[in-house]
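This one's a predicted model, so the numbers in the text were calculated from it and none came from an experiment. First listed ligand is number 1; within each ligand, the first listed atom is number 1.
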Amino acid sequence: MTYAIEFAGPVSLPVVESQAVFPVGRIYCVGRNYAEHAREMGHDPDREPPFFFMKPADAIVMNGARIAYPSMTKDLHHEIEMIVAIGKGGKDIPVEQALSHVFGYGVGLDMTRRDVQGEAKKMGRPWEMGKAFDESAPCTALKPVSMVGHPAKGAITLKVNGVLKQSGDLSEMIWNVPETIAYLSKMITLRAGDIIMSGTPSGVGPVQKGDRLEGHVAGVGDLSVSYS
Ligand code: MN
């Protein structure tokens, strides 16, 4: 097959201890999936059905990158998240079978233009320009399930310039990974190559030019990017 235009081809993520890469299809992000973060955003963390928004695959930035502070915002925020890589697609996946659709896990940042998102919320407009912009999804390499299992508890943290800003535990998710997969697969048909960003613990906050962000999910990986 040849492309009719100049095209870079699909985006991919490295896989730990493998020559093969993971081709990224769509990126689905879960909103307000930790109670403390829901509260800090001014919402009641009752167990309402999960909701989702998306980022384009080419928003992915490799671990270690130096990223330009994005345009059209004065309030870029960090949201550290565990990412779930779907290895096998499906529709109406039962909770009990959901984990068999996972290829592996990684660490990601759901970078957010909070001022743009806030304006969109106020106006009842879509979130994309607050969430789905260039370089808004720094991610680590993926650890396959064979190496990492299915992490359901363990620390998830983010430091800015060495200072701890976000700290939570995977067990605090309102909708855990199998429940999220099951619910999402009722809304859309999941495909191999899809990524789920599973939500962020409390402590989200602003990023300035010159900041270094270090994210960690116990057993899963370490993510480090800086802004200039
Ligand atoms: Mn998020």
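In this structure, a donor-acceptor pair under 3.5 Å is absent between the side chains of Thr73 and Asp75.
By the 4.0 Å N-to-carboxylate-O rule, Lys131 lies close enough to Glu79 to be salt-bridged with it.
The side-chain hydrogen bond (donor to acceptor under 3.5 Å, both in side chains) check on Ser100 picks up nothing, with sequence neighbours excluded.
For the pair Arg212 and Tyr227, the cation-pi test (distance below 6.0 Å, angle within 45°) is failed.
Only protein N, O or S atoms were considered, and those under 2.8 Å from the Mn ion (ligand 1) are Glu79 OE1, Glu81 OE2, Asp110 OD2.
A ring-centre distance under 6.0 Å is not found for Trp175 and Tyr34.
Taking the six-membered ring where the residue is Trp, Phe52 and Tyr28 present perpendicular rings, their angle passing 60° and hence far from 30°.
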